[in-house]
Protein chains: 2
Amino acid sequence: MATTTDKASSRDRLLDAAARLSYRDGVGIGIEALCREAGVSKRSMYQLFDSKDAMLAASLERRIPRYEARLAHPDPDHATPRERIRHVFEQVTGAAADPDYRGCPYLAVLVELKDPEHPASVVARAVKQRLTDSFRAEAERGGARDPELLARQLVLVFDGASARAGARVEHLEDGLAVTTATALMDAAGMD
Amino acid sequence: MATTTDKASSRDRLLDAAARLSYRDGVGIGIEALCREAGVSKRSMYQLFDSKDAMLAASLERRIPRYEARLAHPDPDHATPRERIRHVFEQVTGAAADPDYRGCPYLAVLVELKDPEHPASVVARAVKQRLTDSFRAEAERGGARDPELLARQLVLVFDGASARAGARVEHLEDGLAVTTATALMDAAGMD
DNA sequence: CGACGGGGAAACCGATCGGTGTATTTGCGT
DNA sequence: ACGCAAATACACCGATCGGTTTCCCCGTCG
């Protein structure tokens, strides 16, 4: 069934190109350039997606597993809640060392698309919510006094760090993000 | 000298319109719409500014005094360093209550214009640097153990809070930003 | 071999982009 | 009242926007 395979491949190439180009150049990237990059005709892409907005949302959604896997601790069973949280901020720090790093793509989309109802904004907000939930779960396991508060504080730092590093106004290379997260965990009375 | 006055007025109207529209709709806003909003012909605006980029940078620069005045404590002489820092985060919290709040305009520009060399990015980065400097000065006055570290931590929280509030993914109305800043000041051993 | 159908290339749509050229109007100083 | 400069309106430039349509090629199956 070569037909099905080709279709799926086109779809994937489109979504990958959309993720890559919109991350590098912003959501204002043109459909023409996207299709050129993906090697797919504009006509085919409009058979696969209803609109540019829908494709953008789909491309963000597709990256979620990879994104969250990167933030997850490689050995969750033998790590403490502190270590798992710490790992998240170490990953941001590491990613920021790449000169092509532009910050968390989901936050960037939320900032660029001022419309919170945009399909891509909905996806991005969901990702942020899941990060908050994950922080809160770790905070609870770690015995924080106010897990909800600590989780929201950590996301504040996470987004501040990724936005500033992506905007090249902060480098993070001395571990600023990790240090700040640690200070907040300490203040929250976590193990 | 009515001529000079009119010119200044056109210039000001242009810069105000640029600041307002680019904040609401992003830096991708069109020149046509800008000039329509300002009541100035496109031809006149290109005599006042070399390019759209230059006008955008100028409009950001023009708002700096207003922006920094808002963050400055109303009675600096009778306020402690802690109170002056706290005031900054209270202002963000208050601003976020406005449904039209879209976060710190300077951070938004840095995120939207991925190019750090863009004239507007240069202006925005300078504003961020001044905020960091101001935090560090307060941290020193307040006897923080590591004023530079605390200042960078506070800006992380500031940008995270403003970005998330502007993206409508965090409301801040329960004082999250103030609480977080306070926790970091405590951890830094400030008075 | 021939009919069919999906996908690609590219023209096309009206709109807008940043920027310019031009001709006209406006309003000022003398 | 006149002249002059500035500001205006507006057409225009090539390029691109998101999106649609046409045409044609090429592979598959009967």
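These numbers come from the heavy atoms of this one structure, side chains and all, not from hydrogens, waters or symmetry mates. Convention: sequence-line order gives letters A, B, ...; per-chain numbering from 1. Just so you know, these numbers come straight off a predicted model, no measurement behind them.
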Which residues pass the ring pair (Phe, Tyr, Trp, His ring centres under 6.0 Å) test with B/H118, sequence neighbours left out?
-> none

Which pairs with one or both residues in residues 45-55 of chain A pass salt bridge (Lys or Arg N to Asp or Glu O under 4.0 Å), sequence neighbours excluded?
-> none

Can you list, by residue number, the residues of residues 108-119 of chain A that have a non-hydrogen atom closer than 4.0 angstrom to DNA chain C?
-> none

Please collect all side chain to side chain donor-acceptor pair (under 3.5 Å) contacts where either partner lies in residues 25-37 of chain A, sequence neighbours excluded, each pair once.
-> A/R20-A/E37, A/E32-A/K42

Under 4.0 Å from any atom of DNA chain D, heavy atoms only: list the residues of residues 23-35 of chain A that qualify, in numerical order.
-> A/I29, A/G30, A/I31, A/E32

If a pair satisfies side chain to side chain donor-acceptor pair (under 3.5 Å) and one of its residues is in residues 124-135 of chain B, list it, with sequence neighbours excluded.
-> B/E68-B/R130, B/K128-B/D159, B/Q129-B/D133, B/D133-B/R136

Just compare C/dG19, C/dA9, D/dT8 and give me whichever is closest to any side-chain atom of A/R43.
-> C/dA9

Quick one: B/R11 CZ to D/dA6 C1', roughly how many Å, whole number?
-> 17 Å

Rounded off to whole Å, could you give me the OH-to-P distance for the A/Y46 and C/dC13 pair?
-> 17 Å

A/L48 CG - C/dG7 P separation (whole Å) = 8 Å

Would you say the side chains of A/S10 and A/R13 form a donor-acceptor pair under 3.5 Å?
-> yes

Any donor-acceptor pair under 3.5 Å between the side chain of A/K52 and the base of D/dG19?
-> no

D/dA7 phosphate, OP1 or OP2, under 4.0 Å from B/Q47 side-chain N/O | yes

Salt bridge present between A/R62 and A/D12 (N-O < 4.0 angstrom) | yes

Taking only N and O in the side chain of B/S44, is any of them less than 4.0 Å away from OP1 or OP2 of D/dA7?
-> no

With no hydrogens and no angle check, do the side chains of B/T182 and B/T179 hold a donor and an acceptor under 3.5 Å apart?
-> no

B/M45 has an atom CE; how far is it from atom C1' of D/dA9, in whole Å?
-> 16 Å

May I have the distance from B/R36 (atom CZ) to C/dC17 (atom C1'), rounded to whole angstrom?
-> 13 Å

Using a strict 4.0 Å threshold on nitrogen-to-oxygen distance, state whether A/R152 and B/D174 make a salt bridge.
-> yes

Mind calculating the distance between CG (B/D50) and C1' (C/dG19) to the nearest angstrom?
-> 12 Å

Pair A/R86 + A/E138, salt bridge at N-O below 4.0 Å | no

Whole-Å distance between C/dA9 P and A/K42 NZ?
-> 12 Å

